Amino acid sequence: NRPIIYCITPTYWRYVQRAELTRISQTLKLIQNIHWIVIEDAAKKSDIVRNVISESKLIATHLVAQTASFEKFKDKNPKAKRHRGVEQRNAALNWLRDNLVLGKDKGVVYFMDDDNTYNIKLFDEMAKIKKVGVWPVGLVGGLNAETPIVDRTTGKVTGYRSGWLPNRPFAIDMAGFAISLDLILSIKNANFSYEMAKGMQESEFLSFFTTKEELEPLADQCTKVYVWHTRTEKPKVSGIIPGLEV
Ligand code: UDP
Ligand code: MN
């Protein structure tokens, strides 16, 4: 029996939001036993997100959690925010801890940003996780891929290839790991925080749960790329056609 995979997706309004969420929801439709947790960075739930979720017919939980205003620069560009997804991922972790029961509910938790690209094979890999599974992520950190380095004889992670602070305790992108629900439910104080230095969210979060030696390298001992840190170009919209939800 496949474990439930809880996919946590922070999302915020911009012209490509519906396109991104459509793409990700239709990827998830190809997988068994998905529970999609979508958290809007907004004051209240939007029709766009509500409609994508209901159209998908996925088992889903729709939450809101707004990024603190002190975290935003005056800049109008949302990319200029220092931390992205902190509040939203924490809201999802709280939901899991409030609604699921350690020992009874079983599964795996994955942080699934709305703009990345996912091979459905990744979810077969996640089904193997005992505590924390890791794998390469394509097109990130200024490299063609970042990856844990795996000792082929012991099958253990010995270090990381990363374009960004490779000496972090866990030099792994948000898309490059998933954690068993048991661990998420048992270590209740493990959260993301604005206090964590820029680029240290993943490493500090993983440090609550595991050690480098314990990591479970997946995707053929980290030789396969099943997820890409793609980023969608911001479209230039100079006219609005009324009456269309785009
Ligand atoms: N996000 C959000 N609010 C924001 C910016 C981003 O909720 O103001 C979400 C976004 O939809 C994505 C995740 O946080 O699911 C990571 O953001 P982004 O993809 O912009 O980060 P990057 O690709 O630069 O790591
Ligand atoms: Mn992204």
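What's counted below: heavy atoms across the whole structure, side chains too, no hydrogens, waters or symmetry copies. Each residue takes its place number in the sequence, starting with 1. We count ligands from 1, going down the list as the structure has it; atoms in each ligand are counted the same way. What you are looking at is a predicted structure, and each value in this text was computed from that prediction instead of being measured.
Residue-level proximity to ligand 1 for D41 is carried by the side chain, the only part with a heavy atom below 4.0 angstrom. Looking at M174 against ligand 1, nothing comes within 4.0 Å, counting heavy atoms.
Residue contact check: R84 has heavy atoms under 4.0 Å from atoms 5 (C), 6 (C), 17 (O), 18 (P), 20 (O), 21 (O), 22 (P), 24 (O) of ligand 1. Annotation for ligand 1: atoms under 4.0 Å from non-hydrogen atoms of D115 are 19 (O), 23 (O). For ligand 1, the atoms closer than 4.0 angstrom to any heavy atom of D114 are 10 (C), 11 (O), 12 (C), 15 (O).
Between R14 and D114 there is a salt bridge, since at least one side-chain N of the basic residue sits less than 4.0 Å from a carboxylate O of the acidic one. A salt bridge links D113 with R89; the closest basic N to acidic carboxylate O contact falls under 4.0 Å.
Although no hydrogens or angles enter the test, the distance criterion places no donor-acceptor pair under 3.5 Å between the side chain of E40 and the main chain of V64.
Using a 4.0 Å cutoff on heavy atoms, T11 counts as a contact of ligand 1.
Applying the side-chain contact (heavy atoms from CB on, under 4.5 Å) rule to L244 yields the partners I241, V246; only residues at least two apart in sequence or on another chain are considered.
At a 3.5 angstrom cut-off on N or O pairs, H229 counts as close to ligand 1. Any N or O atom pair closer than 3.5 Å counts here, and R89 shares no such pair with ligand 1.
For the Mn ion (ligand 2), the nearest N, O or S atom contributed by D115 is named OD2.
Residue nearest to atom 16 (C) of ligand 1, selected from V38, D173, D113: D113 (by heavy-atom distance).
The aromatic rings of F205 and F111 sit perpendicular, their planes meeting at an angle over 60°, well past the 30° parallel limit.
For CZ of R23, the number of neighbouring non-hydrogen atoms (other residues, nucleotides, ligands) closer than 6.0 Å is greater than 12.
Among pairs with a residue in residues 209-223, those fulfilling salt bridge (Lys or Arg N to Asp or Glu O under 4.0 Å) read K131-E214, D220-K224, at least two apart in sequence or across chains.
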